[in-house]
2 protein chains.
Amino acid sequence: MVGIKDVARQAGVSVGTVSNVINRPDLVAEETRTRVQSVIARLGYVRSESARQLRAGASRIMALLVLDMGNPFFVAVASGAERTARAAGLGVMVCNSAQSVSEEREYLSLFAEQRVRGVLVTPADPTGRSLDGLRSQGIPFVLVDRVSADPSVCSVSVDDVAGGRLAVQHLVAAGHRAIVYVGGPPEVTQVHDRKAGALAALAEAGLPASALTEISAERLDVAAGRDAGSRLLGLGHRPTAVFCANDLLALGVLQAMFAARISVPDEMAIVGYDDIEFAAAAAVPLTSVRQPAVAMGRLAAEMLLEETVGDPADHRHRQTVLQPELVVRGSSLPGR
Amino acid sequence: MVGIKDVARQAGVSVGTVSNVINRPDLVAEETRTRVQSVIARLGYVRSESARQLRAGASRIMALLVLDMGNPFFVAVASGAERTARAAGLGVMVCNSAQSVSEEREYLSLFAEQRVRGVLVTPADPTGRSLDGLRSQGIPFVLVDRVSADPSVCSVSVDDVAGGRLAVQHLVAAGHRAIVYVGGPPEVTQVHDRKAGALAALAEAGLPASALTEISAERLDVAAGRDAGSRLLGLGHRPTAVFCANDLLALGVLQAMFAARISVPDEMAIVGYDDIEFAAAAAVPLTSVRQPAVAMGRLAAEMLLEETVGDPADHRHRQTVLQPELVVRGSSLPGR
DNA sequence: CGACGGAGGTGAAGCGATTCATTCACACCT
DNA sequence: AGGTGTGAATGAATCGCTTCACCTCCGTCG
């Protein structure tokens, strides 16, 4: 494997000069520079990041740890973060905790060993204890799609209460009075907040909280949604509308309705959450609460870059909360 | 930042001993070992991968470069590869070339600088020239979902000709005689091979090649499929069946049919390719050619591990070709 | 009693880059 | 002529770890 010394020898200069050619080319005389560069090309020299990093103390990689790569929402977050990081010259390592606290721990300690420049993370561990390792190593991190109680922790999230409210306001305005909320594991903040928003919307409309029934799905994926859909049909008093904690669940519910030959939206309106690409692509296009996923990834990465690249002194920790937006489509528009 | 020397000092041993405690604990006396371990815990020491790696010469990371993270097919490949690599103690860096040759180049040179242990890649560059960098650095790689003409290049792929044949055999058996193939950019091997399979099926059934019309989509995503769907409806002689080069296109076509109030499958049968999760979840569940995506990721990672971890001498380069499988669902089953 | 061996530890050499104080050559000024 | 300033290049120190040759005890055996 060819190293900087080989290049120096071949070019008849010192290693310091080769390093300068690579990192501060303006310090090197034109003639020497081109000579060295041609030797680099000829030998196919590739500098070793590990050596560089050892001296520098920190790597040029930003880590992104998401809850579920099977959810296109997180894929969108990742793409926003990635574009931003790469524009700043950092590589991105995308990892998937699959909602498992132990996977999360493993990844975070891997990141610490790698001395990554910073971490974007949607924590699986509700206690937030997993992040202590990063803290004690002095590795900056930004929470994505989650707010911390601690004001010294940066975060970018979307107002889930507002989102839940938007969804149910829409259903109430369309005349629905018996609505089901398909939620998930209650320790997931999002699931909780979206329901709170739904209840708030009912209250504001002067409707009783009993107008909303909750069905809790095992996980937040399509299969669980299908299951919730059939449970929903078994309810004594069949509702006329469903609001789902995410689009994967909503797609599952939609499929269950189709299997039971229940017309959507005429007999059952459905509203999802996230507005993933497949929501619009469903054969009954799904009304959904759009989260600015790409923007969230971008903002989080920008925040991290600010803390990590710029002068840490002039970085103010902050919590950014974005607003969701209702996208109305066929699944909640009767009479079309 | 606390280093191995701090630990050594605090524990009253030499750095060599601390290193042994971490890497070969059986060489250290019980008492010393526990003492060192407790100091490590107390100081919150985290070893530096870059230093370790600098000595070792290679990192403990496997890279995976896919064509499109927005396609759940690749997400599945990634999850298979990841599980395998992590079981072997390697971290995985998943990156997305987004079909761009220049992005691909950038990532590959990033990998080379990182001295990653190996690379799994679905190349975007049809010339295969992008991989020369890895070759000259001696970084092993395995092609995923692609076969190389060069027998010294490992690969894991699925027989796309067989897949195309399965799809069209199925449609022909159901009586379809006017079939549209929705393909994509012709330089994509998969698109080409699947069509070749389709034509082979027609020939075997004694039907003329003219029974298959091709519509070429700009890209391989849902929006392009929607577009292809409406173009399809504008054809003079309307076909009775569509075979799409992937499920994203098929979902788009399905949506176009729905918008035009054309019944699927009665007026138009649809067959997709990949069998992504959203295929089964579509309101008209999609018949699709299933690719063993997770297995492909797993096999590719195993192949790479064999070359990279074991003795390279007893590694035989090989090309594994898996067989696809037809999954019949509602979108091609009339009379239900 | 001295040689031997094994267990437990030590400490210095290196991995491949970056960086910085230093040296060198040369032109310019007084 | 001597001093000075400048642009260019040098080479040694350093980052944090692993590894390996070597050292020290101490019990055992011939």
Side-chain angles (χ1 to χ4, degrees), chain A residues 1-37 39-40 43-61 89 109-110 112-117 137-139, chain B residues 1-37 39-40 43-61 89 109-110 112-117 137-139:
Chain A
M1 173 128 313
V2 22
I4 202 172
K5 275 190 280 201
D6 305 294
V7 175
R9 194 173 329 114
Q10 289 274 328
V13 296
S14 73
V15 293
T17 301
V18 177
S19 176
N20 282 336
V21 168
I22 298 171
N23 301 300
R24 302 131 85 184
D26 44 312
L27 292 189
V28 182
E30 168 92 33
E31 193 229 357
T32 317
R33 196 192 323 144
T34 54
R35 180 157 39 97
V36 171
Q37 278 163 342
V39 173
I40 287 179
L43 299 187
Y45 166 71
V46 176
R47 111 181 123 202
S48 152
E49 255 301 304
S50 33
R52 176 183 171 68
Q53 184 174 134
L54 175 58
R55 276 247 54 184
S59 78
R60 304 173 54 69
I61 289 194
S109 72
L110 180 68
E113 290 192 354
Q114 303 273 353
R115 303 283 193 272
V116 297
R117 198 60 151 280
Q137 284 297 303
I139 296 179
Chain B
M1 173 128 309
V2 22
I4 202 171
K5 275 189 280 203
D6 305 293
V7 175
R9 195 172 329 114
Q10 288 274 327
V13 296
S14 73
V15 293
T17 302
V18 176
S19 176
N20 282 336
V21 168
I22 298 171
N23 301 301
R24 300 130 86 185
D26 44 311
L27 293 189
V28 182
E30 167 94 33
E31 194 228 357
T32 317
R33 196 194 320 147
T34 56
R35 181 156 39 95
V36 171
Q37 277 163 342
V39 173
I40 287 179
L43 299 187
Y45 165 72
V46 176
R47 111 180 123 202
S48 152
E49 254 303 302
S50 33
R52 177 183 170 68
Q53 185 176 131
L54 175 57
R55 276 245 54 182
S59 78
R60 305 172 53 69
I61 290 194
S109 71
L110 180 68
E113 289 193 354
Q114 302 274 352
R115 303 283 194 272
V116 297
R117 197 62 151 279
Q137 284 297 303
I139 296 179

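Proteins come first, then strands; the chains are lettered A, B, ... in the order of their sequence lines, and each starts at number 1.
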Identify, with sequence neighbours excluded, every residue that meets salt bridge (Lys or Arg N to Asp or Glu O under 4.0 Å) alongside A:R52. A:E49
B:Q114: what forms a side chain to side chain donor-acceptor pair (under 3.5 Å) with it, not counting sequence neighbours? none
Counterpart residues, salt bridge (Lys or Arg N to Asp or Glu O under 4.0 Å), relative to B:R9 (two or more places apart): B:D6
According to side chain to side chain donor-acceptor pair (under 3.5 Å), who are the partners of A:S59, at least two apart in sequence or on a separate chain? none
I want to check something: taking the side chain as every heavy atom from C-beta on, are A:Q53 and B:Q53 in contact at a cut-off of under 4.5 Å? no
Are any non-hydrogen side-chain atoms of B:S48 and A:E113 less than 4.5 angstrom apart? no
Taking only residues two or more places apart in sequence or in another chain, which ones pass side-chain contact (heavy atoms from CB on, under 4.5 Å) with B:R33? B:V21, B:P25, B:V28, B:E30, B:Q37
Just to verify, what does A:S19 make a side chain to side chain donor-acceptor pair (under 3.5 Å) with, not counting sequence neighbours? A:N23
Pairwise distance CD(B:Q10) to OH(B:Y45) - rounded to 0.5 angstrom: 14.0 Å
Is there a residue in residues 7-14 of chain B whose heavy atoms reach under 4.0 Å of DNA chain C, and which residues are they? B:V13, B:S14
Start and end of chain A contact along DNA chain D [non-hydrogen atoms, under 4.0 Å]: D:dA8 to D:dG16
Would you say A:I22 and A:I40 make side-chain contact, with heavy atoms under 4.5 Å? yes
Residues which pass side-chain contact (heavy atoms from CB on, under 4.5 Å) with A:V15, listed by chain and number, not counting sequence neighbours: A:I4, A:K5, A:A8
By side chain to side chain donor-acceptor pair (under 3.5 Å), B:S109 pairs with (sequence neighbours left out) none
Please give the angle, rounded to 10 degrees, between the axes at the start and the end of the helix from C:dC1-D:dG30 to C:dT30-D:dA1, where five pairs define each axis. 70°
Nucleotides 15-24 of chain C: protein proximity per nucleotide (B base, S sugar-phosphate only, - neither; heavy atom, under 4.0 Å): BBBBB-----
